[in-house]
Amino acid sequence: NQWTDWGWGAWFRRSLNKSYTLDKGDIFAIASMGTAHLLSTQLPQMIASGCGISITMIGTNDLGSAVNIEANLETFYDALKANNITAVAMPILPHDAASPFSAETAAQASQVNKYLYNRAQTDTNLTYISGLSDITDFATGYAAAGILRDGIHTTKIGAKALGEAIVAEFNKLFAGPDDFGYAIEGNLYNATFNVNGNIITNPYTNGTSGTLQNGATGVVANDWSFRRST
């Protein structure tokens with residue numbers, strides 16, 4: 001669901017700094033897969049893609065099994081580092097009462113998250129971004145109300161909350177250039193001299209002579225139209 005409103009990735013990509021892109025072909029995650037599949041399939045795909053940054057959230061499907069999650073993640077992040085791919089690690093997320101962790105699996109999830117946190121303290125190639133404080137009800141240990149739809153997977157509201165929490169930290173760490181750093185007279189498009197320029201006239205939204213339509217009220221900048229959608 002990472003390309004729909006049900007996945008945090010969709011909300012993440014909408015707020016990325018302009019120097020980064022996330023296309024549908026860059027999403028290698030497959031539902032129900034674990035860390036063994038991450039090593040055998042997704043890791044080679046990431047390396048072959050030529051990506052500069054890998055964002056990975058995995059581990060839930062391995063909890064309670066014989067899989068050594070931390071060992072597999074250690075191999076994975078070592079491989080990213082060896083291939084000059086900057087790594088962003090995300091945690092195993094909490095469940096809620098509709099599909100609760102057992103005491104054992106909850107402890108295991110915390111241990112995996114702590115491993116990621118600790119590795120990020122010493123590995124300059126790895127950043128740990130959790131978002132847990134934005135979606136967790138710490139009074140119960142479950143995900144906050146409205147975050148999950150089935151005890152495990154996010155609602156649209158939950159996906160938005162998580163995606164925006166993640167991108168806020170991502171943009172701090174991987175800051176792109178500000179538009180105002182190169183925008184002479186609005187960085188306007190010119191077919192000869194600035195083919196990648198801005199095609200929006202009055203990009204700074206100056207003035208108040210724009211057009212209001214369909215019952216919209218307020219003040220609109222010059223050359224802009226503001227329309228109410230019923």
Side-chain angles (χ1 to χ4, degrees), residues 1-29 45-57 84-90 125 127-131 133-135 144 146-147 149 153-230:
N1 284 321
Q2 289 306 321
W3 211 247
T4 74
D5 284 350
W6 296 98
W8 65 265
W11 299 97
F12 173 86
R13 67 186 290 267
R14 289 170 182 155
S15 301
L16 274 173
N17 277 326
K18 296 171 183 62
S19 54
Y20 294 93
T21 59
L22 176 62
D23 298 319
K24 192 171 184 179
D26 296 325
I27 298 176
F28 302 112
Q45 290 175 332
M46 289 181 202
I47 294 171
S49 75
C51 69
I53 300 174
S54 166
I55 305 174
T56 309
M57 179 172 63
N84 298 313
I85 300 174
T86 300
V88 174
M90 291 179 58
N125 194 64
T127 299
Y128 176 64
I129 300 179
S130 80
S133 61
D134 295 273
I135 66 167
I147 295 296
R149 66 181 185 272
H153 301 96
T154 53
T155 60
K156 292 182 179 182
I157 292 172
K160 184 174 186 290
L162 183 60
E164 291 181 347
I166 298 304
V167 81
E169 294 304 312
F170 184 95
N171 283 339
K172 291 177 186 176
L173 293 164
F174 304 101
D178 189 302
D179 285 354
F180 294 101
Y182 54 79
I184 302 298
E185 294 188 357
N187 180 39
L188 294 179
Y189 168 82
N190 182 284
T192 302
F193 301 111
N194 192 14
V195 295
N196 293 316
N198 188 358
I199 63 172
I200 299 174
T201 57
N202 190 17
Y204 299 138
T205 59
N206 294 319
T208 59
S209 64
T211 302
L212 290 166
Q213 299 175 330
N214 203 37
T217 60
V219 176
V220 185
N222 299 353
D223 303 313
W224 284 73
S225 294
F226 189 77
R227 179 180 178 84
R228 187 185 67 168
S229 177
T230 56

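Heavy atoms only: backbone and side chains are in, while hydrogens, waters and symmetry mates are out.
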Close side-chain approach of [X] to [Y], heavy-atom, < 4.5 Å:
X: Val88; Y: Leu173; value: no
X: Thr127; Y: Phe170; value: no
X: Ile85; Y: Cys51; value: yes
X: Phe12; Y: Leu22; value: yes
X: Thr86; Y: Asn125; value: yes

Flag yes if more than 12 heavy atoms outside Phe226 fall under 6.0 Å of its CZ atom; otherwise flag no.
->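 No, the 6.0 Å shell around CZ holds no more than 12 heavy atoms from other groups.
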
Nearest heavy-atom neighbours spanning [X] and [Y]:
X: Lys24; Y: Trp3; result: N-CH2, 3.2 Å
X: Ala165; Y: Gly131; result: CB-CA, 4.3 Å
X: Lys156; Y: Trp11; result: O-NE1, 3.8 Å

In Å, rounded to the nearest 0.5 Å, how long is the span from [atom1] of [X] to [atom2] of [Y]?
X: Asp26; Y: Phe28; atom1: CG; atom2: CZ; answer: 6.0 Å
X: Met57; Y: Trp8; atom1: CE; atom2: CH2; answer: 6.0 Å
X: Gln45; Y: Ile47; atom1: CD; atom2: CD1; answer: 10.5 Å
X: Leu212; Y: Arg228; atom1: CG; atom2: CZ; answer: 11.5 Å
X: Asn194; Y: Glu185; atom1: CG; atom2: CD; answer: 11.5 Å
X: Ile147; Y: Lys160; atom1: CD1; atom2: NZ; answer: 11.0 Å

Is a donor on one side and an acceptor on the other found under 3.5 Å between the side chain of [X] and the backbone of [Y]?
X: Asp134; Y: Leu162; answer: no
X: Asp223; Y: Thr201; answer: no
X: Asp23; Y: Gly25; answer: no
X: Arg227; Y: Gln213; answer: no
X: Thr154; Y: Trp6; answer: yes
X: Asn187; Y: Pro203; answer: no
X: Thr208; Y: Ala221; answer: no

Asn171/Tyr20 under side chain to side chain contact (heavy atoms under 4.5 Å, CB included): CA gap, chis, key distance, verdict | CA-CA 10 Å; Asn171 283 339; Tyr20 294 93; 5.7 Å; no

Mind checking what makes side-chain hydrogen bond (donor to acceptor under 3.5 Å, both in side chains) contact with Thr56, not counting sequence neighbours?
->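 side-chain hydrogen bond (donor to acceptor under 3.5 Å, both in side chains) list for Thr56, sorted by chain: Ser54.
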
Asp5: partners by salt bridge (Lys or Arg N to Asp or Glu O under 4.0 Å), with sequence neighbours left out |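 Asp5 satisfies salt bridge (Lys or Arg N to Asp or Glu O under 4.0 Å) with Arg14 once adjacent residues are dropped.
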
